[in-house]
Number of protein chains: 2
Amino acid sequence: MKSLLIHVSKDSLSTALQAALKAISANSSSRVLSGILIQAQTQGLILTASNIRMTIEYKLPVKMDSMVVHNTGEIVVPARYFYEIIRKLDPGLIRLEIVESLILNIQSGSTQFRLCGMDVAEFPRIQYIDHPNIQRISMKNTLLKQIFKRVVFAVSSSETRPVLTGVLLQIEKQNIRVVATDGIRFAQHVVESVEDYGAIPLDVVIPGSTLEDLLKILNDDADSSTDLEIGPKQIRFISNGLRVQSALLEGTYPSVNNLIPKAYLSEVIVKKDRLLHVVERISILASESVMLSVLPSNMLSLVSKTAEIGDVKEEIPLEHLEGDHFRVAFNGKYFRDILRAIDSETLRIRFAGKERPLVILPVDASSSTLFLITPVRTHD
Amino acid sequence: MKSLLIHVSKDSLSTALQAALKAISANSSSRVLSGILIQAQTQGLILTASNIRMTIEYKLPVKMDSMVVHNTGEIVVPARYFYEIIRKLDPGLIRLEIVESLILNIQSGSTQFRLCGMDVAEFPRIQYIDHPNIQRISMKNTLLKQIFKRVVFAVSSSETRPVLTGVLLQIEKQNIRVVATDGIRFAQHVVESVEDYGAIPLDVVIPGSTLEDLLKILNDDADSSTDLEIGPKQIRFISNGLRVQSALLEGTYPSVNNLIPKAYLSEVIVKKDRLLHVVERISILASESVMLSVLPSNMLSLVSKTAEIGDVKEEIPLEHLEGDHFRVAFNGKYFRDILRAIDSETLRIRFAGKERPLVILPVDASSSTLFLITPVRTHD
């Protein structure tokens, strides 16, 4: 065992730790997975954290004044303790050194922590297998975050159909399509990239939890981009010293095209913020369903009732109505999630019949986003 | 049943609700105690919330434009729902009306909530019995908050000796003394008021939880003051439309004067902020005890060890040392709580022997605050 010895600034180490710790779930089953792998190599410091599904690796390159490697080496230490210790140290350089065989010495000014380490051999590493079928594409971070942010909320939170806990990503030439659904709500975003990704179509399902973490870690710089490496069972996101590797979800993603109503009976246009406020208020009573009605007075009415607690009703003006008045009930929380994912000022709601999904479209020329919500059956 | 009808501004109602809701614990046992009593009287609106130990009443007087009573009346509604509804309404006037016998209609703009009410008769009220032995004193809010803030953290969190979950308040003439202890740590604050409260001595134990809520609700205006009405079993705090009534704790508060060491072997002076940072870092390892040693090098050393996790040591310079070097172990979290309650720049630590409590004193001429912490026995 080589005895790691480095100096690293508190700020750099904290940033790296915050990113890597996204992989560590609060109640990790195996003790070694609650750890973080610290590797000092000649090129820099690598921190790796992992859970069953995802591994995050963050590399701090050698840099005069903020990252100096005196001796290479590696150790696994309890991640939460290590993070809490680093966070509470005074600003400035921190000295990390392996003393004895499994003790990490952490020194800053007159503070000295000695943290018991764990066996490095048990820790999972990111495997860089060069599979012949690996597809590689590169995407601007802004685009990558935009496409997944629009749909990831709609994945299923239940493991009964695991493939629905993921987001379907399809790329062919310049066309990118992402889809998420839990069977009741559905979100789809289609965008044409400035880049051509080639003729071989890409069609994978990425776990929603991986994407949610990725959205938090990836930076928003207009210049930053991420390389995606997609193998038969895994996907890697590589950006600025960060490597996130995740299992892909297996199984066939359900065909969703026939869910989208082709024709509709009515369409209304409403202000998005106004509607969102109303739906947030209505959700307070936590009822199973919200009844939405288009009234002859050219108003949109929302009503919700909860036995023994009370009821609420509210009306907002329509900007536009085409077709007949209608009336449909659906899950208020799901509707609220959809409205929160929309950033356009107004939106269209299309009604195709009492048993067909309601279609919600941002009124926004630049992209093509579509949401569906399946109605709840009511007895009136 | 009279049918309440009022108009009240969202801001006034929210402020009143936030104060009153401090009395409602998250999991109230009886359904009516999870409610809030709304009373419209000719003089204004009164909101009352209660738990077993404490009742909070907040009065909004009639005020043109922000509080108008059209019809008096009263109802009890679920407090959390009522608060969430008011919070999410648009700014402006809210119309509250009792419709049918137990329904509260809440209207704002085009929003209409109807909330199911509960039976008013079951709800506890603040009883204004004019007992001959009631003592009345008035205190500036700034003074009231200062004295309790210094000591309330030290009350016991265990119900084994209920009297220790409270703060002892003793007043005689101009002298105010507050004491809190859980048997291991001890906090005392003595202050001379500008006012003379008279010769009849006051000696009561107020629940720590009541005082913690009171510290959050009372405003900090230099002009505001609070009237205290102290009966044989209850205390009331009355300030600016707010009335807080709490049971007093029964039982004899332990005599604590003989706990305080009269003589000491050593005294050190250290910077408070520096020591607090060190103790906060050391507490990360969550060890049972911290070993504090005064070293011949004129340094204060703190060491903590936790089996299987690791250890930490740190040294800080002494500003002053009188007497011998010493070495003593105590609970790190308790020590941290004491340091957080101190706002002076430096503090004194007095050592009176390995089995005697450590004395901690802010170096601050204006008041007399004293903390004790009982050592943990160690085997070295």
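This structure is a prediction, so every number in the text was calculated from the model and none was measured. First the proteins, then the strands, lettered A, B, ... as listed; each starts at 1.
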- Item | R274(A) and D90(B): CA distance, side-chain angles, deciding distance, salt bridge (charged side-chain N to carboxylate O under 4.0 Å, His left out) verdict | CA-CA 11 Å; R274(A) 184 79 189 268; D90(B) 291 330; 5.4 Å; no

- Task: Name the option with the most non-hydrogen atom pairs under 4.5 Å to chain B; the candidates are G109(A), S304(A), G310(A), S110(A).
- Result: S110(A)

- Between F326(A) and F351(A), how do the two ring planes meet: parallel, tilted or perpendicular, split at 30° and 60°? parallel

- Message: Is the shortest side-chain heavy-atom distance between L115(A) and I85(A) below 4.5 Å?
- Response: yes

- Item | Side-chain donor-acceptor contact under 3.5 Å, E314(A) with T111(B) | yes

- Query: Among L89(B), T306(B), I103(B), I316(B), which residue forms the greatest number of heavy-atom pairs with chain A at distances under 4.5 Å?
  - Reply: L89(B)

- Message: Side chains of R336(A) and L276(A), heavy atoms from C-beta outward: is any pair under 4.5 Å?
- Response: yes

- Which of H277(B), E280(B), E84(B) touches chain A most, by non-hydrogen pairs under 4.5 Å: E84(B)

- Item | Region of L302(B) that comes under 4.5 Å of a non-hydrogen atom in chain A | neither

- Message: Using heavy-atom distances under 4.5 Å, tell me whether L104(B) contacts chain A through its side chain, its backbone, both, or neither.
- Response: neither

